[in-house]
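The sequence lines fix the lettering, A, B, ..., with proteins before strands; numbering per chain opens at 1.
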Amino acid sequence: MASNAEKPVILWFRKDLRLDDNQALNAAHVSARPIIALYINEPRAAGTGPLGAAQAWWLHHSLDALGKSLRSRQGRLVLVSGEALDVLRAVIRESGADAVFWNRRYDPSGLSIDVRIEHELEKQEIQTRSFGGELLHEPSRLMSGKGAPYRVYAPFWRALERAGEPGPPLDAPASLRLESRLPTSERLESWKLLPAKPDWAKEFADVWMPGEQGAQVRLGTFIEDALNGYKENRDYPAKPATSMLSPHLAFGEISPARIWDATRGLAERVPRADIVHFRKEIAWREFSYHLLFHFPKLASENWNGRFDGFEWHNSGEDFEAWRRGKTGYPIVDAGMRQLWRHGWMHNRVRMIVASFLVKDLMIDWRSGEAWFRDTLVDADPANNAAGWQWVAGSGADASPFFRIFNPVLQGETFDPEGDYVRTYVPELRALEAKYIHRPFEAPKRVLEEAGIVLGETYPKPIVDHAGARNRALAAYKAISNGG
DNA sequence: GCCAATTTGCC
DNA sequence: GCAAATTGG
């Protein structure tokens, strides 16, 4: 019989698919006990939040990468499907483990599962230990002077600055003591996370390398090539000027503390404003989790209840045109097609397509949020909901409803040459820059020369923006005070 | 009387 | 953030 100290500890991987800066892993390592690395394919109905199809693709490759990384350390990742508590009990029985370590998750559904597991396992005298690291700070830590959670970003950011630098990230342990007698694992392929034919994700791999190594490479190239000038360039979707770390963060392949740390000590070669601006984006993720933690309804209900009375138009036909990128507004269509093709959309364009859905088409933000959740590789329960509510005007510290993007002007401002549009809307490729964002105003001859027949090769606008804007403002007036 | 630049209302 | 109203040369 193995002595108590020899009993293995289960390291339960969730949305923290990394070895770097992994506090639970580090604690297991320091305990000197053999480690069982486990990933549980939890049923979506259990409240872990539905995993979109694009993220299923990502998860497959990320688990594959983590498995390889553990194999190179003479270990293996154990894969089991089922309710987390049932699986943990079975693995404990099979392995003789008497402790489970994990890094905390902060979405309300995941959190409630974990609280129950903690309680149940303690009852059978199994030690549970949870750790931070998915966020820079615990959501309960940054509170206003009155002890209330922040509802406005600016003071939240100031509090984050006041909190000082987060603790330094932990390096991955150089060696790991991995349990050699492992419980039965399922085969990753049997989870069928990859799309069946037709393979709509075939172009994802042109852009992405899921897994911890891909995250490190992305961080390195971003800091080397794009951090300098980030503040200015980040708004231009045709430029490779954003970090594209979001899916890696969403799966915990890299920690925010690691990213934060990597932007230190660059003052010699990168302007301070660029570093601060990038860090503020990381802080927006932090703020979204802060909000979701303290106001769980953010995920599915209007944070500002006034919007419950908003009269949405919710046309199925309009929604379909938006999803397929056939609205007749090139910048909107380019964004929606980038989303479909690469599972990601540039942040500036996300705001434009979201404004268009909610305000021009008057479709409930929840429809857009659900579509993003299914198609984005970086779909994040906090960021996605908070972002949509921000654009819709229903969120905490939201953009005012009357801030309605003009898709033509936004396109002309942020994609002046039309390069972004041409990349994703090939039927407009030959159109000159002057009309690339307003093909419906191009003279007949210009369209002919570009080989475009409006209504056939490229749609006419499904709504008139100026009219749609007035309609939206009128609908908003109806739910405003005294309206 | 024109047009570009600036200000204001939207709330 | 947009667009209408106003200003000023």
query: Relative to W260(A), does R279(A) satisfy both conditions: NZ or CZ under 6.0 angstrom from the six-membered ring centre, and within 45 degrees of the ring's axis?
result: yes

Measure [atom1]/[X] against [atom2]/[N] and give the value in whole Å, please.
{"X": "R306(A)", "N": "dC11(B)", "atom1": "CZ", "atom2": "P", "value": "11 Å"}
{"X": "Y476(A)", "N": "dC10(B)", "atom1": "OH", "atom2": "C1'", "value": "10 Å"}
{"X": "F401(A)", "N": "dC10(B)", "atom1": "CZ", "atom2": "C1'", "value": "12 Å"}
{"X": "K359(A)", "N": "dC11(B)", "atom1": "NZ", "atom2": "C1'", "value": "12 Å"}

- prompt: Any chance the side chains of W365(A) and N302(A) put a donor and an acceptor closer than 3.5 Å?
  reply: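 Checked: W365(A)/N302(A) side chains pair up, N/O donor to acceptor below 3.5 Å.
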
- request: Can you spot which of F295(A), W388(A), W390(A) makes a ring-ring contact (aromatic ring centres under 6.0 Å, His included) with W303(A)?
  value: F295(A)

Atom pairs, N/O to N/O, protein against nucleotides 1-5 of chain C, distance under 3.5 Å?
from   : atom 1 : to      : atom 2 : distance (Å)
dG1(C) : O3'    : Q410(A) : NE2    : 3.1
dC2(C) : OP1    : Q410(A) : NE2    : 3.1
dA3(C) : OP1    : N406(A) : ND2    : 3.1
dA3(C) : OP2    : N406(A) : ND2    : 3.4

query: Mind checking whether F287(A) and H290(A) have parallel, tilted or perpendicular rings, split at 30° and 60°?
result: parallel

task: Return yes when atom CD of Q213(A) has more than 12 non-hydrogen atoms of other residues, nucleotides or ligands closer than 6.0 Å, and no otherwise.
output: no

- request: Look at the side chain of R350(A) and the backbone N and O of M345(A), then say whether any donor-acceptor pair between them is shorter than 3.5 Å.
  value: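 Pair found, side chain donor or acceptor close to backbone of M345(A).
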
